[in-house]
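Take a look at the structure set out below.
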Amino acid sequence: MKEVIIATKNPGKAREFEHIFASRGIMVRTLLDFPEIPEVEETGTTFEENAILKAEAVSRALNKMVIGDDSGLMVDALEGRPGIFSARYAGEPKNDENNTDKVLQELQGVPEEKRTARFYCALAMAIPGQETRTVSGTCEGRILEERRGTNGFGYDPVFYVPEKGSAMAELPSEEKNKISHRAAALKKLESVLDAILERAEES
Ligand SMILES: O=c1[nH]c(=O)c2ncn([C@@H]3O[C@H](COP(=O)(O)OP(=O)(O)OP(=O)(O)O)[C@@H](O)[C@H]3O)c2[nH]1
Ligand SMILES: [Mg+2]
């Protein structure tokens with residue numbers, strides 16, 4: 001069976017990649033399957049740099065093709081924060097609940113039309129002996145005043161998606177995976193990825 005390795009320890013991301021790839025008969029493995037690989041420090045200043053750091057470190061460790069995902073929420077009224085610090089916005093250890101509370105607090109009193117935001121996802125594909133490629137995807141929305149829904153992860157309960165008329169966390173995973181920043185980025189990797197996986201199966 002075809003297999004793709006994603007350099008993530010985030011179970012929410014892992015589920016989404018599994019779902020997206022399963023429809024194409026591809027099995028996903030993540031760092032949750034490789035506990036011996038040390039934590040990769042996210043020292044980059046952009047999503048792309050951090051995605052490359054994760055993908056290349058794990059690709060080197062396993063000598064295999066690896067995809068890294070660095071993603072986050074950018075709120076216009078907060079000048080793009082939490083941005084690359086989305087996972088740890090309310091401090092260590094990372095905690096989705098506290099991060100979401102912090103964003104809600106910072107947006108207290110900000111009217112609906114000024115609560116615009118987007119999710120951003122950078123993916124890096126590292127292949128031994130080749131130059132790493134990056135792609136990105138976004139998903140536009142705005143920040144609600146209260147949580148809605150229990151699906152997804154992270155800030156999904158407070159991220160309203162106008163085209164769906166609901167919070168991201170109210171959408172079933174099939175729906176999120178059609179419109180998400182992650183799905184948009186992954187679509188741009190599709191053709192390259194298909195060619196690589198075909199070759200891997202032949203050899
Ligand atoms: O509501 C959300 N829906 C999403 O679809 C989504 N995608 C990313 N995020 C947020 O951005 C951080 C990523 O930070 P991040 O890329 O460093 O990942 P992470 O540290 O969680 O795991 P890893 O992949 O680095 O192991 C996450 O923790 C979340 O807070 C999302 N929130
Ligand atoms: Mg991280």
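Whatever order the structure lists them in is the order used to number ligands and atoms, beginning at 1.
- An N or O contact shorter than 3.5 Å is missing between Asn99 and ligand 1 by distance.
- Scanning the protein for heavy atoms near atom 5 (O) of ligand 1, the closest one is Lys176 NZ, 2.8 Å.
- Salt-bridge check for Lys9 with Glu39: passed, with a basic side-chain N closer than 4.0 Å to an acidic carboxylate O.
- Applying the 4.0 Å criterion to heavy atoms of Asp69 picks out, from ligand 1, the atoms 16 (O), 24 (O).
- Environment of CD in Glu113: crowded, with over 12 heavy atoms of neighbouring residues, nucleotides or ligands closer than 6.0 Å.
- At least one N/O-N/O distance between Asn10 and ligand 1 falls below 3.5 Å.
- The distance from ligand 1 to the heavy atoms of Asp70 drops below 4.0 Å at these ligand atoms: 15 (P), 16 (O), 17 (O).
- A salt bridge does not link Asp194 with Lys2: none of the charged nitrogens is closer than 4.0 Å to a carboxylate oxygen.
- Within the listing of ligand 1, atoms 1 (O), 2 (C), 3 (N), 4 (C) sit less than 4.0 angstrom from a heavy atom of Asp156.
- The atom of Glu42 that is an N, O or S and sits closest to the Mg ion (ligand 2) is OE2.
- The nearest heavy-atom contact from the protein to atom 15 (P) of ligand 1 is Lys13 NZ, 3.5 Å.
- The side chain of Lys54, and not its backbone, has at least one atom closer than 4.0 Å to an atom of ligand 1 (non-hydrogen atoms only; side chain from C-beta on).
- Between Glu175 and Lys178 there is a salt bridge, with a side-chain nitrogen of the basic residue lying less than 4.0 Å from a carboxylate oxygen of the acidic one.
- At a threshold of 2.8 Å, the Mg ion (ligand 2) has no backbone or side-chain N, O or S atom of Asp70 nearer than that distance.
- Ligand 1 lies less than 4.0 angstrom from a heavy atom belonging to Lys94.
- The cluster map of Ile, Leu, Val, Met, Phe, Trp and Tyr, joined by side-chain heavy atoms under 4.5 Å apart, puts Leu62 and Ile52 in different clusters.
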**Request:** For the pair Asp69 and Ser71, evaluate side chain to side chain donor-acceptor pair (under 3.5 Å) and give the outcome as yes or no after the intermediate values.
**Result:** CA-CA 6 Å; Asp69 170 317; Ser71 43; 2.8 Å; yes
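- Set against the non-hydrogen atoms of Thr8, the atoms of ligand 1 under 4.0 Å away are 22 (O), 23 (P), 24 (O), 26 (O).
- Comparing heavy-atom distances from atom 14 (O) of ligand 1 across Ala169, Ser86, Ser71 singles out Ser71 as nearest.
- Scanning the protein heavy atoms around atom 26 (O) of ligand 1, the nearest turns out to be Lys9 N, 2.8 Å.
- Leu73 pairs in a side-chain contact (heavy atoms from CB on, under 4.5 Å) with only one of the listed residues (Phe85, Tyr89, Phe159), which is Phe159.
- Here the protein heavy atom with the shortest distance to atom 9 (N) of ligand 1 is Phe153 CE1, 4.0 Å.
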